[in-house]
Number of protein chains: 2
Amino acid sequence: MPTSLLEENDGTDASAKDVLSPDCPSRIVFGRIGERWTMFVILALEPGPMRFTALKARVGVITPKVLTETLRALEGDGLVSRRAFVESPPRVEYALTPLGRSLLEPIAAMRAWAEAHVPEVLESRDRALS
Amino acid sequence: MPTSLLEENDGTDASAKDVLSPDCPSRIVFGRIGERWTMFVILALEPGPMRFTALKARVGVITPKVLTETLRALEGDGLVSRRAFVESPPRVEYALTPLGRSLLEPIAAMRAWAEAHVPEVLESRDRALS
DNA sequence: CAGTATCCTGTGAGATACTG
DNA sequence: CAGTATCTCACAGGATACTG
């Protein structure tokens with residue numbers, strides 16, 4: 001079992017350094033989440049399958065290059081599926097996989113927290129300026 | 001009320017572009033979360049107040065500079081408190097504020113998801129390599 | 001102990017232009 | 001339409017050394 005996120009190091013065990021271990025689940029997830037556009041793309045796909053351009057419009061200010069990169073990464077993780085229709089003009093649909101969809105739950109928890117507490121954060125930031 | 005994370009744009013309303021609005025709660029939260037060390041520091045503080053060095057040891061491989069920066073940012077957001085004792089040698093204790101502590105809940109949801117689903121992600125990544 | 005002070009580098013990501 | 005292909009660059013973050 002891939003151990004814990006943080007050091008439980010008592011000072012004697014050097015092998016406890018697994019924070020950066022590629023197998024640490026939290027590290028993997030927070031790593032992906034850390035990428036700037038991941039969340040936005042996943043959230044954008046929530047309503048259902050969507051074409052590249054529609055997705056781009058929904059996410060907002062994102063270049064096609066970066067959107068493609070993000071999509072490829074999420075595909076590699078099995079969170080998003082890509083379906084290309086052989087037509088002209090070309091048509092491609094992206095969708096959340098069941099796995100990707102399951103991630104919506106914890107994300108929703110974060111959003112809920114955001115809605116509820118961001119005013120306090122903002123207030124604190126204002127105070128910090130003075 | 002600060003609107004939604006994504007475009008609900010039907011093509012006619014340009015003012016719906018609030019994805020990058022500084023007031024969008026989700027953006028603010030995901031922005032902070034996006035910073036590489038935020039999560040680790042908050043998680044590290046979960047057990048209770050902690051001194052700089054202990055914190056550094058718990059987080060693992062992090063330079064004092066970056067830890068300080070992260071801590072200052074979290075302080076500014078009101079998620080972490082800093083308490084300096086006038087002593088020699090100096091002693092400083094960092095702790096989660098109630099606000100910071102409240103963030104542990106959604107984070108726990110993400111961790112739970114991670115524990116449960118990262119094997120699938122890893123499997124998918126392996127498959128993507130071939 | 002709890003940080004600063006410097007210097008330096010990688011790379012995430014923006015802008016722009018082009019194509020099957 | 002759904003992407004590539006380049007070029008460019010700021011800056012988050014690392015290494016190292018120093019100090020009240």
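We name chains A, B, ... by the order of the sequence lines, and we start the count at 1 in each one.
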Trainee: Could I get the full list of side chain to side chain contact (heavy atoms under 4.5 Å, CB included) partners for B:Arg91, not counting sequence neighbours?
Mentor: B:Arg51, B:Phe85, B:Glu87, B:Glu93
Trainee: Quick one: label B:Phe85 by what it contacts on the DNA or RNA (base, sugar-phosphate, nothing), any heavy atom closer than 4.0 Å.
Mentor: nothing
Trainee: From D:dG13, D:dG3, D:dC1, pick the nucleotide closest to the side chain of B:Val66?
Mentor: D:dG13
Trainee: Side chain of B:Thr53: nearest nucleotide among C:dG3, D:dA2, C:dA2?
Mentor: C:dA2
Trainee: Below 4.5 Å, heavy atoms only, C-beta onward: do B:Trp113 and A:Ser102 meet side chain to side chain?
Mentor: yes
Trainee: Whole angstroms only, please: what is the CG-C1' distance between A:Leu67 and D:dT4?
Mentor: 14 Å
Trainee: A:Arg127: what forms a salt bridge (Lys or Arg N to Asp or Glu O under 4.0 Å) with it, not counting sequence neighbours?
Mentor: A:Glu123
Trainee: In whole angstroms, how far is the P atom of C:dA2 from the CD1 atom of B:Ile62?
Mentor: 15 Å
Trainee: Between P on D:dG3 and NZ on A:Lys56, what's the gap in Å once rounded to a whole number?
Mentor: 12 Å
Trainee: Fill in the dot-bracket string of DNA chain D, one character per base: . for unpaired, | for a pair to another strand, ( ) or [ ] for pairs within the strand, taking Watson-Crick or G-U pairs under 3.5 Å.
Mentor: ||||||||||||||||||||
Trainee: Would you please confirm or rule out a distance under 4.0 Å between OP1 or OP2 of D:dG3 and any side-chain N or O of A:Tyr94?
Mentor: yes
Trainee: Expressed as a whole number of angstroms, how long is the span from A:Arg83:CZ to D:dG3:C1'?
Mentor: 19 Å
Trainee: In whole Å, I'd like the distance from the CD atom of A:Glu87 to the P atom of D:dA2.
Mentor: 10 Å
Trainee: Are the side chain of A:Thr70 and the backbone N or O of A:Thr38 linked by a donor-acceptor pair below 3.5 Å?
Mentor: no
Trainee: Look at B:Arg91 and C:dG3 and indicate whether a side-chain polar atom (N or O) is within less than 4.0 Å of OP1 or OP2.
Mentor: no
Trainee: From CH2 of A:Trp37 over to C1' of C:dA13, roughly how many Å is that when rounded to an integer?
Mentor: 9 Å
Trainee: Can you check the A:Arg36 CZ to D:dC11 C1' distance for me, whole Å?
Mentor: 12 Å
Trainee: Report the distance from atom CG of B:Leu55 to atom C1' of C:dC1, rounded to the nearest whole Å.
Mentor: 14 Å
Trainee: With the side chain of B:Arg51 defined as its heavy atoms from C-beta on, choose the nearest nucleotide among D:dG3, C:dA15, C:dA2.
Mentor: C:dA2
Trainee: What nucleotide, of D:dG13, C:dT4, D:dG3, holds the atom closest to the side chain of B:Thr68?
Mentor: C:dT4
Trainee: Any side-chain heavy atom of A:Leu74 sitting closer than 4.5 Å to one from A:Val41?
Mentor: yes
Trainee: Heavy atoms, side chains only, cut-off 4.5 Å: are B:Val59 and B:Leu43 in contact?
Mentor: no
Trainee: When the nearest nucleotide of DNA chain C is assigned to A:Pro64 and to A:Pro90 on a heavy-atom basis, which residue is associated with the more 5' position?
Mentor: A:Pro64
Trainee: Do the ring planes of B:Phe30 and A:Phe40 sit parallel (below 30°), tilted (30 to 60°) or perpendicular (above 60°)?
Mentor: perpendicular
Trainee: If you assign each of B:Thr63 and A:Glu93 to its closest nucleotide in DNA chain D, which residue comes earlier from the 5' end?
Mentor: A:Glu93
Trainee: For the base of D:dG13, is there a side-chain donor-acceptor partner from B:Lys65 under 3.5 Å away?
Mentor: yes
